[in-house]
Amino acid sequence: MSRIYIGDVKNVKLDSVVELCGWVQYVRDFGKVVFFVIKDRTGIIQCYTSTQSEELLELVKKLSMDDVVRVRGTVKRRPEDQINPNMETGDIEIEVENFEVLNPCAPLPYDVNGEPSEFTKLKYRYVDIRHGELLTNLKTRSVASSVIRNYLSRNGFWEIETPYLTKYTPGGARNFVVPVRQQPGYFYALAESPQIFKQMLMISGIDRYFQFARCFRDEDLRADRQPEFTQVDIEASFVTEENIYDLVEGMMQQLFREVLGVQVETPFPRMTYDEAMSLYGSDKPDLRFQMTINDYTDNFSASKFNAFRNVIDRGGVVKGLYWNKPLDRSALKVLDQASSGSGNKFLFVSKSVNGLLTNGPKSVLTEETWLEDGTYVFAAGDKWDVLPFLGELRLALGEYLGLLDDDEYKFVWVTSRPMFEIAEDGSLQAAHHPFTMPDITSIDEIRKNPLKVRARAYDIVLNGVEIGGGSIRIHKADLQRVVFEILGLSSEQIEERFGFFLDALSYGAPPHGGIALGFDRLVMLLCGADSLRQVIVFPKTKSGTCPLTGAPARLFASQRQELLPIFKQVIEEGG
RNA sequence: GGAGCUGUGGUGUAGUGGCCUAACAUGCCUGCCUGUCACGCAGGAGAUCGCGAGUUCGACUCUCGUCAGCUCCGCCA
């Protein structure tokens with residue numbers, strides 16, 4: 001006989017003898033009879049021992065929480081009146097024949113039934129995983145990755161690993177750098193994504209590739225951002241947008257069916273970036289509720305409400321949200337909360353048979369006879385300030401009205417972003433990345449008016465969260481060179497930074513495209529978690545430290561000696 | 001880089017310019033209990049109130065600084 005999982009005990013015949021390994025959860029000592037509950041990753045079960053063996057009884061009394069034990073005993077049905085309906089194994093228990101403490105556990109550093117600070121839990125992450133929801137989340141994560149691997153393999157994709165130690169890529173995220181002992185003054189960069197390599201694989205004739213790629217970015221962290229995270233990186237040759245959409249929609253369908261038992265409708269709706277912004281005030285619209293942003297510029301163009309009319313006279317717009325029921329002050333309060341700190345103001349008007357409730361001038365607004373019963377939230381100003389602001393208010397209102405259903409999954413493709421946007425310093429920068437194919441028929445088009453050009457890029461959005469993005473790539477060296485030039489790179493810079501890449505494009509690059517899915521975020525949504533830290537096994541704190549290991553750390557003396565020449569070289573090169 | 005919130009026995013919280021020799025719960029230690037199920041009961045140990053400076057007759061409490069954690073903005077193609 002050998003050890004079985006606790007979760008399998010319910011499938012074993014009564015009165016058979018089983019061997020279980022796990023952690024002691026609770027000990028309930030009644031002097032002459034002692035109960036203790038043990039747990040492994042599959043479940044929990046109650047064990048008991050009584051006076052049939054005084055020796056055993058004495059040993060069991062000494063157990064404490066999270067001692068690691070091996071228990072051998074008989075599966076017994078509990079007395080009828082002792083069945084615990086709150087326990088999956090509440091109708092049975094193990095009568096202990098013998099047991100062994102494999103390793104006693106020191107008193108736990110925190111109360112596992114309470115809610116210790118996140119820092120404490122990170123410091124003792126293994127305790128948290130053992131006792132919390134993390135165990136379930138990690139299982140979900142494992143199932144998700146296996147579903148995705150199978151799906152992609154079945155569709156002819158090869159899993160290939162690309163280097164993490166690579167060359168610094170300018171623009172985009174800040175890279176982590178790694179000093180190279182053998183070449184003082186030279187550094188690797190940790191890959192912020194496998195972008196260049198996956199294109200190289202297409203040029204290599206791999207045709208279909210995927211990878212669970214770790215990506216590293218040295219930027220400030222958020223609840224949904226870690227310095228290292230995992231992307232499902234996918235690239236294919238001779239494809240169009242439609243092929244990528246089909247592939248990913250099939251994958252999501254399979255994933256949600258196998259992980260959650262949820263049937264996802266395909267194809268996913270699509271909207272352009274402009275539609276998403278003007279209707280939802282966001283490039284990642286949450287389509288779980290259909291409230292959209294409307295234009296009220298005409299309604300207010302002759303209004304006595306000067307604040308709005310003046311904005312319109314200066315070329316601004318008035319946009320707003322409408323809900324067909326009147327709302328009270330608590331809604332206004334929620335919106336105030338949502339807009340505080342944004343620097344934008346909104347006008348709240350709730351109209352009913354009882355009159356107007358508003359945070360604006362009531363007498364003036366009463367004259368706006370076109371207002372219907374229900375609630376309006378208006379904002380006026382420059383279109384590109386007003387839309388994102390109303391986008392925020394829309395979400396706050398949706399949440400307040402209880403329109404965000406956690407069990408609903410609304411996917412949408414957002415397409416046709418502008419190829420370039422204007423950076424703060426006035427220069428142009430790539431809105432997606434500089435390897436994205438512009439939607440043009442001739443190179444002249446992009447040279448003449450780059451800001452008008454759209455990118456053949458697409459984002460996949462689920463319930464207002466961007467879970468992935470990709471594009472058809474540039475596969476011709478001359479077009480790629482022009483894009484670099486528009487981004488302000490000199491020919492010398494292009495040569496130094498991307499010479500090898502332009503070479504590759506000129507040596508038989510096939511048309512290709514792909515997508516990268518944020519695996520951590522995807523798992524977060526599958527688990528219903530609200531922070532990445534709940535689906536990443538050993539995450540870092542907001543300032544990038546690891547409370548468990550104490551990373552990052554200072555160098556040892558011996559390491560300092562070895563690395564000294566490297567930093568000497570850096571200092572000599574100057575700033 | 002900016003804004004906000006938080007920091008009190010191992011853990012989670014309470015507290016207020018003197019009432020604090022710092023409270024409660026849980027955990028820990030000792031003892032009692034034959035059917036509990038986060039068992040119960042009795043007793044006990046455990047904290048220079050994140051750190052530093054200042055104001056004050058007096059600071060856990062007020063002020064400034066600093067450190068750490070969290071949320072948001074910037075940033076993250």
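Order of the sequence lines sets the chain letters (A, B, ...), proteins ahead of strands, with each chain counted from 1.
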| field | B:A59 to B:G17 separation - P atoms, rounded to the nearest Å | value | 15 Å
| said: Over all strands shown, is A:E115 touching base, sugar-phosphate only, or nothing at heavy-atom distances under 4.0 angstrom? | reply: sugar-phosphate
| said: Say we look at B:G50 and B:U61: how far apart would their P atoms be, to the nearest angstrom? | reply: 8 Å
| task | Using Watson-Crick or G-U wobble geometry with both distances below 3.5 Å, tell me the partner of B:U36, or none. | result | none
| request: Answer with base, sugar-phosphate or nothing: what part of the nucleic acid does A:S64 contact at a heavy-atom distance below 4.0 Å? | output: nothing
| field | Nearest-angstrom distance, P atom, B:A14 to B:G40 | value | 24 Å
| What does B:G46 pair with, Watson-Crick or G-U, if both distances are under 3.5 Å? | none
| query | At under 4.0 Å between heavy atoms, what does A:P79 touch on the DNA or RNA strands: base, sugar-phosphate, or nothing? | reply | base
| task | Just call it for A:Q226: base, sugar-phosphate, or nothing, with non-hydrogen atoms closer than 4.0 Å on any strand. | result | nothing
| message | Looking only at side-chain N and O atoms, does A:E241 offer a donor or acceptor that is under 3.5 Å from a partner on A:Y458? | response | no
| For A:D218, which contact category applies under a 4.0 Å heavy-atom criterion: base, sugar-phosphate, or nothing? | nothing
| query | Paired with B:C60: which nucleotide, if any, by Watson-Crick or G-U wobble criteria at under 3.5 Å for both distances? | reply | none
| said: What's the gap between B:U21 and B:U26 when it is taken at their P atoms, as a whole Å value? | reply: 26 Å
| With ring centroids as reference points, do A:Y164 and A:F216 lie under 6.0 angstrom apart? | yes
| query | What nucleic acid atoms does A:F35 come within less than 4.0 Å of, heavy atoms only: base, sugar-phosphate, or nothing? | reply | base
| query | Using atom C1' of each nucleotide, how far apart are B:C72 and B:U56 to the nearest Å? | reply | 37 Å
| query | Can a donor-acceptor pair under 3.5 Å be found between the side-chain atoms of A:R225 and the base atoms of B:C75? | reply | yes
| field | Contacts of A:K542 that satisfy side-chain hydrogen bond (donor to acceptor under 3.5 Å, both in side chains) - sequence neighbours left out | value | none
| request: Sort out the partner of B:G65 for me: Watson-Crick or G-U wobble, both distances under 3.5 Å, none otherwise. | output: B:C51
| Closer than 4.0 Å, any side-chain N/O of A:R222 to the OP1 or OP2 of B:C73? | yes
| Rounded distance in Å between the P positions of B:C49 and B:G9 | 10 Å
| query | Under 4.0 angstrom, heavy atoms only, what part of the nucleic acid is A:R417 near: base, sugar-phosphate, or nothing? | reply | nothing
| request: For the residue pair A:F501 and A:F435, categorise the inter-ring angle as parallel (less than 30°), tilted (30 to 60°) or perpendicular (more than 60°). | output: perpendicular
| task | Hey, can you tell me if A:F498 and A:F484 have their rings parallel, tilted or perpendicular (30° and 60° cut-offs)? | result | parallel
| said: Applying a 4.0 Å non-hydrogen cut-off, can you work out what A:F435 is touching in the nucleic acid: base, sugar-phosphate, or nothing? | reply: nothing
| request: Scan residues 120-130 of chain A against RNA chain B and write down, sorted by residue number, each residue with any heavy atom closer than 4.0 Å; if none is found, say none. | output: A:T120
| task | Remember a base hit wins even if backbone is also touched, and classify A:S543 as base, sugar-phosphate or nothing at under 4.0 Å, heavy atoms. | result | sugar-phosphate
| Ring geometry between A:F36 and A:F99 (parallel below 30°, tilted from 30 to 60°, perpendicular above 60°) | tilted
| message | Taking only the P atom of each, what is the distance from B:G18 to B:G74 in whole angstrom? | response | 44 Å
| task | Have a look at A:F119 and say if it touches a base, only the backbone sugar-phosphate, or nothing, with a 4.0 Å heavy-atom cut-off. | result | sugar-phosphate
